[in-house]
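Inspection log for the structure reproduced underneath, given as structure tokens.
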Amino acid sequence: MTSPLQHLAVIGAGAMGSGIAALFAARGLDVVLIDPIEGALERAAQNIDRQLQVLSSSAGAVPTTMRRIRYEAGLEAACGAELVIEAVPEKLELKRDIFARLDSLCPAHTLFATNTSGLSINALADAVTRRDRFVGMHFFTPADVIPLVEVVRNDDTSEDTVTRVMAALRDAGKRPVLVRRDIPGFIANRIQHALAREAISLLENGVASAEDIDEVVKWSLGIRLALTGPLEQRDMNGIDVHCAIAEYLYPDLENRTTPSDLLREKVREGHFGAKSGQGFYTWDPERRDRVLREKSAALAELAAWLGARSGA
């Protein structure tokens, strides 16, 4: 039986990369966090200290966790890792270049994983000679809090790679699911974007305010989806009932294949959301930071409650 992974490298020290590093370090792995951008590692260390405060209540993080994380600027520092997780911005050629360099630096047995939200795993795996040891590993923000991770195969990913990666994620307290086919957006983002497309259309057509649309989702669908997925809910409601509703509702749903005019307008005006101070809502820095802290803590509590309820 293959021994558990002990040494991990994370490439990219942004919010996602630092969250992944904090997660695995809190579970006892030795982690090297790599980023060549000036100041990135210092900011990451501060973020990780904050993230570990959240993890401490749900995952038993201890002060020594910070000592399990090493900070390095060069990719050479990944050579001793059994698993390398790339978490750099969503640019295909940037990711491919990093993996091509890692492929020549790391031993043949090292596993590679890309934390992409929906780029082709096959296209990324083409950058390496070890396609059988290459997977997608899609974490959700905040990476150290949201339990689920999508593990995505490329056409040549081996069963051993899947088994080892899934085991490492379970050991870290995650709930991994296997995406058997490499499709754009995988599972979660396809469903999320279908929901967001309809929500933006409702706002664009003046059906309700942004606040009320979000209120409907949070306090009807959201609260139920925490316990019952959409397919199970169809079974509980009756597939015949769902089919009858679909007959008249589907033709009226938003089905455009390009971003809405409202969405494009927001981008043109620089209204990118919380990070720019304006999106569908107005965000001052104090409110943004407070909401992020409160939501991370609340999500950790909810995840712990759901895990205890399901016996996970």
Validation row: Met16, Thr141 side chains within 4.5 angstrom (heavy atoms): yes

Separation between CD1 of Ile200 and CG of Leu195, rounded to the nearest 0.5 Å: 9.5 Å

Pair Val149-Met137, side-chain contact (heavy atoms from CB on, under 4.5 Å): steps then yes or no: CA-CA 7 Å; Val149 180; Met137 189 183 284; 3.7 Å; yes

Donor-acceptor under 3.5 Å (Glu90 side chain, Leu92 main chain): no

From Asp240 atom CG to Arg234 atom CZ, the distance as rounded to the nearest 0.5 Å: 12.0 Å

Cationic N near anionic O, under 4.0 Å, Arg130 to Asp103: yes

Residues Arg293 and Asp289 bridged, charged N to O under 4.0 Å: no

Single-linkage hydrophobic cluster Leu83~Phe134, side-chain heavy atoms < 4.5 angstrom: no

For Leu262 against Glu204, the heavy-atom pair lying closest together: N-OE2, 3.0 Å

Smallest separation among heavy atoms of Ala78 and Ile11, with atom names: CB-CD1, 4.5 Å

Spacing of Ser220 atom OG and Glu215 atom CD [to the nearest 0.5 Å]: 9.5 Å

Validation row: Leu111, Val135 side chains within 4.5 angstrom (heavy atoms): no

Approximate separation, where rounding is to 0.5 Å, of Ile98 CD1 and Leu124 CG: 10.5 Å

Note, Phe186 side chain near Leu119 side chain (heavy atom, < 4.5 Å): no

Interatomic distance, Ile121 atom CD1 to Ile183 atom CD1 [nearest 0.5 angstrom]: 11.5 Å

Under 3.5 Å side-chain donor-acceptor pair for Thr157 and Asn154: yes

Residue pair Leu75, Leu105: steps toward the side-chain contact (heavy atoms from CB on, under 4.5 Å) verdict: CA-CA 8 Å; Leu75 286 180; Leu105 290 169; 3.9 Å; yes

Distance-only side-chain donor-acceptor flag, Thr110 / Glu82, under 3.5 Å: no

Minimum-distance pair of heavy atoms, taken over all atoms of Leu33 and Ala44: CD2-CB, 3.8 Å

Crowding at CZ, Arg256 (>12 non-hydrogen neighbours, <6.0 Å): yes

Main-chain N/O of Ala13 paired with Asp35 side-chain donor or acceptor, under 3.5 Å: yes

Test: Arg287 and Glu294 ion pair at under 4.0 Å: no

Shortest non-hydrogen separation from Ala210 to Leu203 and the atoms involved: N-CD1, 3.6 Å

Donor-acceptor contact below 3.5 Å, side chain Gln6 vs main chain Asp30: no

Exam field: side chain Arg27 to backbone Leu23, donor-acceptor pair closer than 3.5 Å: no

Heavy-atom donor-acceptor pair, Glu72 side chain to Ile34 backbone, under 3.5 Å: no

Step-by-step side-chain contact (heavy atoms from CB on, under 4.5 Å) determination, Leu227 to Arg309: CA-CA 10 Å; Leu227 298 172; Arg309 187 181 184 280; 4.0 Å; yes

Whether Ser201 side chain and Arg197 backbone form a donor-acceptor pair below 3.5 Å: no

Verdict with reasoning, Arg153 to Glu159, per side-chain contact (heavy atoms from CB on, under 4.5 Å): CA-CA 10 Å; Arg153 305 181 72 138; Glu159 290 297 333; 2.9 Å; yes

Side chain Ser296, main chain Leu292, donor-acceptor under 3.5 Å: yes

Exercise: do Asn122 and Arg131 side chains pair donor with acceptor under 3.5 Å: yes

Aromatic plane relationship, Phe112 with Phe99 - under 30° parallel, 30 to 60° tilted, over 60° perpendicular: tilted

Non-hydrogen atoms of Ala21 and Ile48 that approach each other most closely: CB-CD1, 4.3 Å

For Arg133 against Thr161, the heavy-atom pair lying closest together: CA-OG1, 3.4 Å

Parallel, tilted or perpendicular, as decided by the 30° and 60° cut-offs, for the rings of His138 and Phe140: tilted

Glu150 side chain near Leu148 side chain, heavy-atom distance below 4.5 Å: yes

Gln278 side chain vs Trp283 backbone, donor-acceptor pair below 3.5 Å: no

Asp49 and Gln46: side chain donor to acceptor below 3.5 Å: no

Ile223 side chain reached by Lys218 side chain, heavy atoms, under 4.5 Å: no

Pair Glu232-Arg224, salt bridge (charged side-chain N to carboxylate O under 4.0 Å, His left out): steps then yes or no: CA-CA 11 Å; Glu232 183 182 39; Arg224 187 170 69 188; over 6 Å; no

Heavy-atom side-chain proximity of Ile20 to Phe139 below 4.5 angstrom: yes

Separation of Arg70 CZ from Leu41 CG (nearest 0.5 Å): 11.5 Å

Minimum side-chain heavy-atom gap Asp171-Phe24 below 4.5 Å: no

Atom CD of Glu269 with >12 non-hydrogen neighbours under 6.0 angstrom: yes

Side-chain donor/acceptor of Ser158 to backbone N/O of Asp132, under 3.5 Å: yes

Lys174 side chain vs Ile146 backbone, donor-acceptor pair below 3.5 Å: yes

Side chain to side chain, Phe280 and Lys266, heavy atoms closer than 4.5 Å: yes

